[in-house]
Amino acid sequence: MNPTADKAPGAANAGGYRGRLAPSPTGYLHLGHVRTFDLARRRAEEKGGVLILRNDDLDSSRCKPAFVEAMYDDLHWLGFAWSEGPDVGGNYGPYDQSRRFRLYREAWYQLLRDGWAYPCRCSRKDVLQNLGAPHEGEDEPVYPGTCRPESPEFVDRPDAVQGVCWRFRVPEGESVEFVDNHLGRRAFVAGRDFGDFVIWRRDGLPSYHLAAVVDDAAMRITEVVRGADLLLSTARQLLLFRALGLAAPGFYHCSLVRDEQGNRLAKRNGGMGLRALREKRYEAAAILSLAREESG
Ligand code: GLU
């Protein structure tokens, strides 16, 4: 018997609320993760639902086994439990993204067949240079459309095209609206607030957006709890759900944990890192309440 699956909220519940913890093991967890995961857990508990753990380890150059190990250790130490995941199995596995490549590739092909994607040769530097105005803000720059063909073009063997990434053609001017379960109604305009975004990377891997959408749908997630820094990503992903003919989950965006200078936390986070806090002998309960503070 698995102790984690046993402790997880609503392990016996089927067909109801399904939430997820989806850490990327590209660094150690910090207070921002704790806030998101704590909220995800509480939402699942409130709804008598199921919580799953997905290991977002797609990027093999950045995901390290040591971070995966630390992630499990930190989550267990904080008292998190899940009823499906890489370590406990479940009906919608595998739960490691690195083992789900085939599904992402199928989705990419489907988008290409339906005229939603095109190859792009621009480097990040090109994109920045081709922008009419300097790029500001935390989100990626709005792609200026340099490689976007006038009308969709059929590409027979996308794998054979080297040195390009593939972008999703957003419906220019369309308002993408959703009711966030925490922040209320949100609306973003495609082509203005965000532009054509990458779905397949130059290095042959699916982008975060494509993988997240494919998995959230395939794993029957009913609500995604994530940081408010991902609001625009949610808008992008809603377009992907629709283009792929998949049902989208609900969303709950939580406020970000900031450091003393008001900056958002990064993977190299110094004092806000869980490892550092554990070394300072913080108790799990103290860390959870630290992460909850000023959370609204
Ligand atoms: N693995 C992603 C991250 O850690 C998940 C974000 C999300 O899709 O909610 O940022």
Side-chain angles (χ1 to χ4, degrees), residues 17-44 51-64 67-68 70-72 74-75 78 80 82 85-86 92 94-101 103-104 107 138-140 168 178 180-183 186 194 197-199 201 205-241 244 246 248-257 264-269 272-274 291:
Y17 181 100
R18 288 174 62 81
R20 43 85 150 172
L21 312 178
S24 302
T26 53
Y28 294 115
L29 299 182
H30 55 59
L31 274 190
H33 297 105
V34 181
R35 174 175 295 178
T36 310
F37 297 165
D38 182 41
L39 271 163
R41 166 172 62 184
R42 282 153 60 196
R43 298 281 298 165
L51 198 57
I52 75 167
L53 177 73
R54 188 176 77 217
N55 175 22
D56 282 3
D57 63 344
L58 255 184
D59 191 338
S60 49
S61 64
R62 293 174 61 224
C63 295
K64 305 269 179 268
F67 295 141
V68 180
M71 166 188 99
Y72 282 113
D74 286 341
L75 289 176
L78 282 166
F80 285 101
W82 44 92
Y92 301 96
Y95 294 90
D96 295 303
Q97 287 197 325
S98 56
R99 298 174 59 207
R100 300 175 63 81
F101 189 81
L103 289 170
Y104 310 136
E138 287 177 347
D139 198 66
E140 64 182 80
F168 182 82
F178 58 98
D180 182 83
N181 294 333
H182 179 221
L183 302 173
R186 284 290 179 275
F194 63 94
F197 56 90
V198 175
I199 53 165
R201 296 164 26 163
L205 288 174
S207 73
Y208 150 67
H209 296 301
L210 185 67
V213 163
V214 167
D215 286 348
D216 287 334
M219 294 175 180
R220 307 284 193 276
I221 299 304
T222 61
E223 184 180 74
V224 168
V225 177
R226 56 169 54 140
D229 55 332
L230 291 177
L231 275 163
L232 278 168
S233 296
T234 296
R236 293 182 181 97
Q237 291 173 21
L238 283 168
L239 292 177
L240 276 185
F241 279 109
L244 287 165
L246 299 169
F251 291 92
Y252 184 108
H253 291 83
C254 52
S255 56
L256 300 182
V257 180
R264 47 189 283 210
L265 303 184
K267 296 269 150 133
R268 276 176 270 308
N269 38 61
M272 301 288 194
L274 263 186

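These values consider heavy atoms only, across backbone and side chains, with no hydrogens, waters or symmetry-generated copies. Just follow the structure's listing: the first ligand is 1, and inside any ligand the first atom is 1.
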Can Asp38 and Arg41 be counted as an ion pair, charged N to O under 4.0 angstrom?
->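 Yes.
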[X]: numbered ligand 1 atoms lying under 4.0 Å from its heavy atoms:
X: Arg226; value: 7 (C), 8 (O), 9 (O)
X: Ala22; value: 1 (N), 2 (C), 3 (C), 4 (O), 5 (C)
X: Asp56; value: 1 (N), 2 (C), 5 (C)

For ligand 1, find out whether one of its N or O atoms is nearer than 3.5 Å to an N or O atom of His33.
->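 No; the residue has no nitrogen or oxygen that sits under 3.5 Å from a nitrogen or oxygen of the ligand.
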Indicate yes or no: does an N/O atom of Arg20 lie under 3.5 Å from an N/O atom of ligand 1?
->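 So ligand 1 has an N or O lying under 3.5 Å from an N or O of Arg20.
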Parallel, tilted or perpendicular: ring planes of Phe37 versus Phe80, cut at 30 and 60 degrees =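 Because their plane-to-plane angle is over 60°, the rings of Phe37 and Phe80 count as perpendicular.
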Evaluate the ring planes of His253 and Phe178, with Trp represented by its six-membered ring, and classify them as parallel (under 30°), tilted (30 to 60°) or perpendicular (over 60°).
->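 The arrangement is tilted - the two ring planes meet at 30° to 60°.
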Donor-acceptor pair, side chain of Thr36 and main chain of Arg226, under 3.5 angstrom |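 Here the side-chain-to-backbone pair does not exist.
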If only atom types and distance count, is the side chain of Arg35 paired as donor or acceptor with the main-chain N or O of Ala291 below 3.5 Å?
->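 Side chain of Arg35 to backbone of Ala291, a donor-acceptor pair under 3.5 Å: yes, one is there.
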Could you tell me whether ligand 1 has any atom less than 4.0 Å away from a heavy atom of Gln237?
->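 No, Gln237 has no heavy atoms under 4.0 Å from ligand 1.
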